[in-house]
Amino acid sequence: MDPSIAARRLLEEVGAPCDEDVVLLALRKLGIEVIRGMADSIDAMLIHVPPGKPVIAVNSSRPLCRRRFSVAHEIGHYLLGHNSLSFSESGGGMIKRDPRQERAANAFAAEFLMPKKLLAREAHRYSLRALARRYLVSMQAMEIRLKELGLVCKGS
């Protein structure tokens with residue numbers, strides 16, 4: 001499935017009332033539990049052994065905007081059916097994923113947290129910093145997303 005379509009479908013299913021975070025709504029809808037931890041080299045990780053409940057472990061030492069993107073990225077892996085993790089002995093036992101799956105999960109997270117339809121309407125009215133705050137993402141994530149979409153924000 002196309003990551004952007006999957007993100008838009010989930011957004012339609014959960015909606016996003018002003019007072020509730022769309023990431024929390026998605027986690028509830030999908031029945032995904034989040035556990036917090038602190039691992040130096042990992043932002044987040046999806047753990048799912050069917051028929052068990054999916055779990056996302058997230059690094060609580062990261063800033064909120066990074067945690068949100070990381071959790072959305074892991075939701076993308078879950079919805080896109082990415083389940084093949086491999087361990088690299090040469091990398092000191094690091095967990096590796098297929099780079100195509102990583103790009104797809106990033107595309108899912110970007111569309112889910114910064115929908116093209118909304119950004120196209122709003123980008124020109126706000127600065128980069130204001131957009132990042134508005135969408136609860138990092139300035140770097142917002143800048144990348146605007147470039148991907150060919151959008152210019154206020155003051156650019």
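These numbers come from a predicted model, not from an experiment.
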Can you find a pair of side-chain heavy atoms, one from [X] and one from [Y], that are under 4.5 Å apart?
X: V22; Y: V14; answer: yes
X: C153; Y: L128; answer: yes
X: H124; Y: V152; answer: no
X: L27; Y: I75; answer: yes
X: F108; Y: M1; answer: no
X: P3; Y: L80; answer: yes
X: L30; Y: L10; answer: yes
X: M142; Y: L119; answer: yes

Hey, what do you get for [atom1] ([X]) to [atom2] ([Y]), rounding to the nearest 0.5 Å?
X: R9; Y: E13; atom1: CZ; atom2: CD; value: 9.0 Å
X: R145; Y: Q140; atom1: CZ; atom2: CD; value: 15.0 Å
X: R133; Y: C65; atom1: CZ; atom2: SG; value: 11.5 Å
X: S70; Y: L46; atom1: OG; atom2: CG; value: 12.5 Å

Same cluster (ILVMFWY, side-chain, under 4.5 Å), [X] and [Y]:
X: I144; Y: L118; answer: no
X: Y126; Y: L149; answer: yes
X: L64; Y: L113; answer: no

>> Looking at R8 and E111, is there a salt bridge between them, counting it only when a charged N and a carboxylate O are closer than 4.0 Å?
In response: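 Counted as a salt bridge, because a side-chain N and a carboxylate O are separated by less than 4.0 Å.
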Can a donor-acceptor pair be found, under 3.5 Å and without considering hydrogens, that links the side chain of [X] to the backbone of [Y]?
X: R67; Y: R62; value: yes
X: N59; Y: A44; value: no
X: R68; Y: Y135; value: yes

> When the ring planes of H77 and H73 are compared, do they come out parallel, tilted or perpendicular, using 30° and 60° as the limits?
Replying inline: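 Aromatic pair H77/H73 classed perpendicular.
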> Which is it for I56 and M45 under the side-chain contact (heavy atoms from CB on, under 4.5 Å) test, yes or no, and what are the steps along the way?
Replying inline: CA-CA 6 Å; I56 295 175; M45 176 186 293; over 6 Å; no
>> Applying side-chain contact (heavy atoms from CB on, under 4.5 Å) to H48 and K53, what does each step give before you reach the verdict?
In response: CA-CA 7 Å; H48 185 220; K53 186 176 187 175; over 6 Å; no
Identify the two heavy atoms, one from [X] and one from [Y], that lie closest to each other, and give their separation to 0.1 Å.
X: L25; Y: G15; result: CD1-O, 3.4 Å
X: E122; Y: L131; result: O-CD2, 4.4 Å
X: F69; Y: A110; result: CE1-N, 4.0 Å
X: A123; Y: L146; result: CB-CD2, 3.9 Å
X: H82; Y: A105; result: CE1-N, 4.5 Å

> Is it true that atom CZ of R125 has more than 12 heavy atoms of other residues, nucleotides or ligands lying nearer than 6.0 Å?
Replying inline: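 Atom CZ in R125 is crowded, with more than 12 foreign heavy atoms closer than 6.0 Å.
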> How about E148: does its CD atom have over 12 heavy atoms from other parts shown lying under 6.0 Å from it?
Replying inline: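 Check passes, neighbour count above 12.
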>> Applying side-chain contact (heavy atoms from CB on, under 4.5 Å) to I35 and V55, what does each step give before you reach the verdict?
In response: CA-CA 7 Å; I35 58 172; V55 175; 3.9 Å; yes
